[in-house]
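Only one structure is covered here, and it is reproduced in the block below.
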Amino acid sequence: MKPDPTRAAQANNVVSPSPEAILRAVELLRRGQVVGLPTETVYGLAADGLNPAALARIFEVKQRPLFDPLILHFADAAGAFAVAEDVPETARELARRFWPGPLTLVLRKKEIVPDLATSGLPNVALRVPSHPVAQALLRAFAGPLAAPSANRFGRISPTDAPAVRTELGEAVPLILDGGPCAVGLESTVLFLAERPPALLRAGGIPLEEIEAVVGPVQRAAPINDRPLSPGQLKHHYAPRKPLRLVRHAGEVPSQVDAGWLAFGTQNASTPFPGVMENLSPTGDLREAAANFFRAMRRLDENERVATLYAFPLPAWGLGLAINERLERAAG
Ligand code: TXA
Ligand code: MG
């Protein structure tokens, strides 16, 4: 067998999450370095959440604008709420129900949270991830880790370790390989610093499940200048190739260089030319979410594909979160 030079190059910073690798990661984090971290949603680019120089390194590596604040990750709810002021009872209820898991709560911040983590906002985003490697690193580090998705700004979020490597390359000294992400979409971001609660980003926990706990949640359209969530820029999650949302069968292109993000049997009735990635042949929205970014990345890298196409998915459960990402990827 011929040695594969790509794999050899990847091997030097993508490592299996052994106890030694966790210690090495802690050491790097204490020195203000960044580390690639698996979570149940997407891979994160982690740094010491209380060290402004380390936070600055995240923005530098991701080429992320400073106005887009970061999520602080904690091993448990007690740690998370300790950096927040005026924690409402709804936050505690949601934490009991969904943490650890793909939910981020935005609350009033305490003084200890650096301005760079919140982009100068008075609120901080808090999350307790469930991935065992994220939990192990957070416990070993014994402090909050800021971690945005480990992609360059505006690009497709990575849902496995090789994708982190492709996105950020040598700039990350260590990427812990925790396998493919089970959820596959970023956490749901909920604004709780004022009443009523507002949805800032649809994500891994369906809105219906949150409303079952806290009642009606305000939904705001993702627009460029909404101060509540600076990260909701219109063009985001974007492949290099154009992505078009197809809303009617009449808009189906006849090109053979089309790359389809299909779902269930939705593409089965018409003969579709081009390359097909079916997110879930059985029409399961959770499976579709888990496959979404990886499928988009594969079409983006496929030489036979010039343009990506997708129909919107059913607008309930995780379908809402997937559609939000499709719309913004189509920009
Ligand atoms: O699942 C996730 O949340 C992943 C994994 C790695 O944990 N992280 C993630 O981070 O998606 P990022 O930085 O790609 O997205 C964070 C989102 C952005 O839309 C940002 O604007 C919003 O959360 N956000 C962060 N802090 C905020 C704050 N103080 N107020 C309002 N929105 C905030
Ligand atoms: Mg992101």
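None of these values were measured; they are calculated from a predicted model. Start at 1 and go down the list; that is how both ligands and their atoms are numbered.
Geometric assessment of R155 against the ring of Y237 yields a negative cation-pi assignment under the 6.0 Å and 45° thresholds.
Here atom 17 (C) of ligand 1 lies nearest to R201 when heavy atoms of H236, E186, R201 are compared. Nearest-heavy-atom check against atom 26 (N) of ligand 1 across S149, G44, P69, P129 picks out P69. Nearest-residue assignment for atom 3 (O) of ligand 1 (options A193, S187, G203; heavy-atom criterion): S187.
Side chain of R97 to main chain of R92: no donor-acceptor pair is present (N/O by atom type, distance under 3.5 Å, no hydrogens or angles).
Below 3.5 Å of separation, one finds no N or O of T118 facing any N or O of ligand 1. Annotation: H73 places an N or O atom under 3.5 Å from an N or O atom of ligand 1; distance criterion only. Inclusion of T41 in the set of residues having an N or O under 3.5 Å from an N or O of ligand 1 is warranted.
Shown in contact with L200 at under 4.0 Å from a heavy atom are these atoms of ligand 1, numbered in order with element: 31 (C), 32 (N). Each of the atoms 30 (N) of ligand 1 lies under 4.0 Å from some heavy atom of V106. Under a 4.0 Å criterion applied to the non-hydrogen atoms of N123, ligand 1 contributes the atoms 29 (N). Against a heavy-atom cut-off of under 4.0 Å, D68 is close to the following atoms of ligand 1: 18 (C), 20 (C), 21 (O).
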Worksheet item: For L243 and T307, what are the C-alpha separation, side-chain angles and deciding distance, and is it a side chain to side chain contact (heavy atoms under 4.5 Å, CB included)?
Response: CA-CA 6 Å; L243 184 146; T307 307; over 6 Å; no
Discussion item. Is there a side chain to side chain donor-acceptor pair (under 3.5 Å) between S157 and E186? Walk through the geometry before answering.
Written reply: CA-CA 8 Å; S157 303; E186 295 87 346; 2.4 Å; yes
Practice prompt. Would you check, one step at a time, whether the test side chain to side chain contact (heavy atoms under 4.5 Å, CB included) holds for L320 with L313?
Written response: CA-CA 8 Å; L320 273 178; L313 269 62; over 6 Å; no
Practice prompt. Would you please test E287 and T282 for side chain to side chain contact (heavy atoms under 4.5 Å, CB included) and show each step?
Written response: CA-CA 9 Å; E287 183 184 29; T282 59; 3.7 Å; yes
Item to complete: Take E20 and R24 through the side chain to side chain contact (heavy atoms under 4.5 Å, CB included) test and state the conclusion after the steps.
Response: CA-CA 6 Å; E20 296 74 37; R24 168 99 210 291; over 6 Å; no
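Just one of R297, R294, R298 meets the salt bridge (charged side-chain N to carboxylate O under 4.0 Å, His left out) condition when paired with E277; it is R298. The only option from N123, V83, D115 that meets the side chain to side chain contact (heavy atoms under 4.5 Å, CB included) definition with K109 turns out to be D115.
In this structure, A147 is part of the shell of residues with a heavy atom less than 4.0 angstrom from ligand 1.
Within the 4.0 Å heavy-atom criterion, neither part of L37 lies near ligand 1. Of all the heavy atoms of R64, the ones lying under 4.0 Å from any atom of ligand 1 belong exclusively to the side chain.
Linking ILVMFWY side-chain heavy atoms closer than 4.5 Å, directly or via other members, places L23 and V172 in two distinct hydrophobic clusters.
Using cut-offs of 30° and 60° on the angle between ring planes, the pair F311 and W260 is parallel.
Note on residues 108-136: no pairs pass ring-ring contact (aromatic ring centres under 6.0 Å, His included), not counting sequence neighbours.
Excluding waters, the set of protein N, O or S atoms lying under 2.8 Å from the Mg ion (ligand 2) comprises S149 OG.
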